[in-house]
Number of protein chains: 2
Amino acid sequence: MRPKPRLATIEWIDGRVRLIDQTKLPHEFTHKETNDYRELAESIRRLEVRGAPAIGVAGAMGIALAALESDASDLPGLERDVREAAHHLGSTRPTAVNLAWAIERMLATLADPSPTDADRVRDRLVEEARAIFEEDRELSRRIGANGASLLSDGDGVLTHCNAGGLATAEYGTALAVIFAAVEEGKTIRVFADETRPLLQGARLTAWELRERGIDVTLICDSAAASAMARGWVDKVIVGADRIAGNGDVANKIGTYPLALAAREHGVPFYVAAPYSTLDPSLPNGAAIPIEERSPEEVTSLGGQRIAPSGVRAWNPAFDVTPAGLVAAIITDVGVFRAPYETSLFAKKTAPEA
Amino acid sequence: MRPKPRLATIEWIDGRVRLIDQTKLPHEFTHKETNDYRELAESIRRLEVRGAPAIGVAGAMGIALAALESDASDLPGLERDVREAAHHLGSTRPTAVNLAWAIERMLATLADPSPTDADRVRDRLVEEARAIFEEDRELSRRIGANGASLLSDGDGVLTHCNAGGLATAEYGTALAVIFAAVEEGKTIRVFADETRPLLQGARLTAWELRERGIDVTLICDSAAASAMARGWVDKVIVGADRIAGNGDVANKIGTYPLALAAREHGVPFYVAAPYSTLDPSLPNGAAIPIEERSPEEVTSLGGQRIAPSGVRAWNPAFDVTPAGLVAAIITDVGVFRAPYETSLFAKKTAPEA
């Protein structure tokens, strides 16, 4: 395996946020840099930075930018500006819980009652955003380490969308498991679903795997079941944008039919995500808000119209996979198995960590 | 409903074949016209004309062109030229049995033992090709009539790829059932899978339905299961490229996962096809040859590269749906239900015709 490139999906550099513009990959490797939280919010909305953990980090950095931007000299003024930014950033993408989670955590810092001045709070918010970033790097490594033993030498592993280094501060979630298995010396062949409409699998996952010298075959989403029927797929691993209290998983549109096909062919279906992706406030997947994006993502591609004018399209960005189809949830704190209602909340005895 | 346009997917006009170039739809409505069977074969290979019944008609017309092109003055010379053309035309697309069936039928005409001269045989081949064309028009109407009663007023019907007028001489197979139900006065809402990689659903099915004023919503293939989970889909109807003796169905890649999702949600999954799509020589779907097309259909779109260079792709054009997932097979001679091994071969008692 080639040396692992340091991707730096998103970085905090001296009061500015620098991110890889993922909408330009794989053709152009370019960055966006800003000190304006509104611009960062727009980058989140446009998927220039995407992937549940990465947009959590972006949300936290956005709050830090807002604190630096605010010219309030007193605490109430700063708090008002930061809460306004929190609302703006939080409304960009509804499904991934990590964004809400990171913003909440930043606001909790703000609410710290110890008497202090506005500049001290600004410093603290920047520190907290950097901490969330560093923790995300760490937990991707732990997800990889916790999941690697689930993959065997020679496995064919199918993944959907991009749950790699580009979806996190670095290293990934679903791909972290593959990377860790490969680092242990296992040979893994990956099937990457292209992932319509925005082709994150074709553009990002295939690119990350190729960069690391890992064997990858790109397929249309609708060919995954055929690959399983031919016996080429030993495991499926995907990421998650939100996990309900019962283990139902919201992830990129197309994950659910993949789980149905995996069950049909006796292929274990794994979900890899930070433990913070769990939203215990939701009893099941039906309660997860599903983002619907512009129909133009379906009717056009790269500015080129592919459907007749006047034709309506429905473009849900995510779907819900019932917990019953999930063989295990691989997190930074351990590997959880059904019944998820109980296992996910018994952190101290994480079964396979 | 608007008046039904006459699509004229493929036509025989004075010793020439004229077809709609479907690779240009929906942006350009243009025709190709040729008297050279090799050019017609290339049109089949490039999917300028596609859809199992339509390429059967094209294959027959190709044989007729070859007979007219041949300068043989004696029967053995003509037969040699025509058989060479049959081999050339028959090798363009391996999965659809209709092509092989139509070519076989043309060769049977050639083999007619009554003593005759080369020009009489030429006339006969042209007549036979026109007969196959006319029969295809007729049987599309019968498929529609036979299947219409399976759809109810207000149904949401999901279809995949294009099994409409553009896939046949006119009117269609799966879409014929929808058209016939609409002509009976039923209101049908259609969900059209875009059908990667070549987007026949987005480009052709959405276009045909819009032209007829039928309500259509375009979705990514991977969103079909979500539409079912929301209760929006009452029936699935697809076409078929080959049906094995046990009722296993080869159809456009993505049909099989659709059938799995339909079963999960209690949605009847119907296949509509000419009876000639049945290939009794094959015991089951595993014996159906599956065409694999160029990886570039997956890695590029409209000449624009969408995947990183050096990434391999697997591009099967079809998949196999096991008979057990098929609620009924709607044909021109009747509607068949499981057990297909017996029902499909008891033509005289076609159950719901």
Side-chain angles (χ1 to χ4, degrees), chain A residues 25-27 160 191-197 199 201-203 206-207 209-211 215-227 229-230 232 252-258 260-261 263-264 290 295 297-299 301-302 304-316 318-320, chain B residues 25-27 160 191-197 199 201-203 206-207 209-211 215-227 229-230 232 252-258 260-261 263-264 290 295 297-299 301-302 304-316 318-320:
Chain A
L25 286 173
H27 304 299
H160 190 71
F191 292 91
D193 277 0
E194 64 172 5
T195 318
R196 280 284 290 155
L199 300 166
R203 295 188 303 106
W207 182 78
L209 292 164
R210 191 201 62 178
E211 289 297 299
D215 183 284
V216 57
T217 302
L218 182 64
I219 58 173
C220 290
D221 305 322
S222 63
S226 286
R230 291 181 188 220
W232 296 347
K252 180 56 55 195
I253 189 73
T255 300
Y256 169 47
L258 208 53
L260 289 174
R263 180 183 62 187
E264 182 72 8
I290 297 297
E297 291 181 353
V298 179
T299 56
L301 191 70
Q304 186 186 351
R305 182 132 190 128
I306 53 180
S309 61
V311 166
R312 189 171 54 241
W314 179 57
N315 184 22
F318 303 95
D319 61 21
V320 174
Chain B
L25 285 172
H27 305 298
H160 189 71
F191 292 90
D193 276 0
E194 63 172 6
T195 317
R196 281 283 290 155
L199 300 166
R203 295 188 302 105
W207 182 78
L209 291 165
R210 191 201 60 178
E211 289 296 300
D215 183 283
V216 56
T217 302
L218 182 65
I219 58 173
C220 290
D221 305 323
S222 62
S226 285
R230 291 181 188 220
W232 297 347
K252 180 55 55 194
I253 189 74
T255 301
Y256 169 46
L258 208 54
L260 290 173
R263 180 183 60 188
E264 183 72 7
I290 298 297
E297 291 182 352
V298 179
T299 57
L301 191 69
Q304 185 186 353
R305 182 132 190 128
I306 52 179
S309 60
V311 166
R312 191 172 52 243
W314 178 56
N315 183 24
F318 303 94
D319 62 22
V320 173

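Note that the structure is a prediction, hence the values are computed from the model and not measured.
Between A:F191 and A:W232, the closest heavy-atom pair is CE1-O, 3.5 Å. In plain terms, the two heavy atoms of B:T255 and B:H160 that are nearest each other are OG1-CD2, 3.7 Å. Scanning all heavy atoms of the two residues, the minimum distance from B:R196 to A:S222 falls at O-OG, 4.0 Å. Nearest heavy atoms, A:W207 versus A:P26: CD1-CB, 3.8 Å. Scanning all heavy atoms of the two residues, the minimum distance from A:Q304 to B:L301 falls at OE1-O, 4.0 Å.
Top candidate by heavy-atom pairs under 4.5 Å with chain B, chosen from A:D215, A:L218, A:L209, is A:L218. Here B:A313 is the residue among B:P257, B:A313, B:A192 with the most heavy-atom pairs under 4.5 Å with chain A. Options A:P308, A:A223, A:G254 differ in how many heavy-atom pairs under 4.5 Å they form with chain B, and the most are formed by A:P308. Among A:V216, A:D221, A:T299, the residue with the largest count of heavy-atom pairs under 4.5 Å with chain B is A:V216. Ranking A:A261, A:G310, A:P316, A:A225 against chain B, the residue ahead of the rest is A:A225, based on heavy-atom pairs under 4.5 Å. Ranking B:A224, B:A227, B:A202, B:G201 against chain A, the residue ahead of the rest is B:A202, based on heavy-atom pairs under 4.5 Å. In terms of non-hydrogen atom pairs under 4.5 Å with chain A, the most contact-rich of B:R203, B:R305, B:E264 is B:E264. Of the listed residues B:V311, B:I306, B:L258, the one with more heavy-atom pairs under 4.5 angstrom with chain A than any other is B:I306.
Counting heavy atoms from C-beta outward, B:F318 and B:I253 have side chains that stay 4.5 Å or more apart. No side-chain heavy atom of A:C220 sits under 4.5 Å from any side-chain heavy atom of B:W314.
Both the backbone and the side chain of A:P197 come within contact range of chain B, judged by heavy atoms closer than 4.5 Å. Both the backbone and the side chain of A:S309 come within less than 4.5 Å of a heavy atom in chain B. Looking at A:R263, the atoms closer than 4.5 Å to chain B (heavy atoms on both sides) all sit in the side chain, from C-beta outward. Within the 4.5 angstrom heavy-atom criterion, atoms from both the backbone and the side chain of A:D319 approach chain B. With a threshold of 4.5 angstrom between heavy atoms, A:L25 does not approach chain B through any atom at all. For B:L199, the part lying under 4.5 angstrom from a heavy atom of chain A is the side chain only.
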Salt bridge (Lys or Arg N to Asp or Glu O under 4.0 Å) between A:D193 and A:K252: does it pass, once the steps are laid out? CA-CA 11 Å; A:D193 277 0; A:K252 180 56 55 195; over 6 Å; no
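A distance-only check finds no donor-acceptor pair linking the side chain of B:N315 to the backbone of B:V298 [under 3.5 Å].
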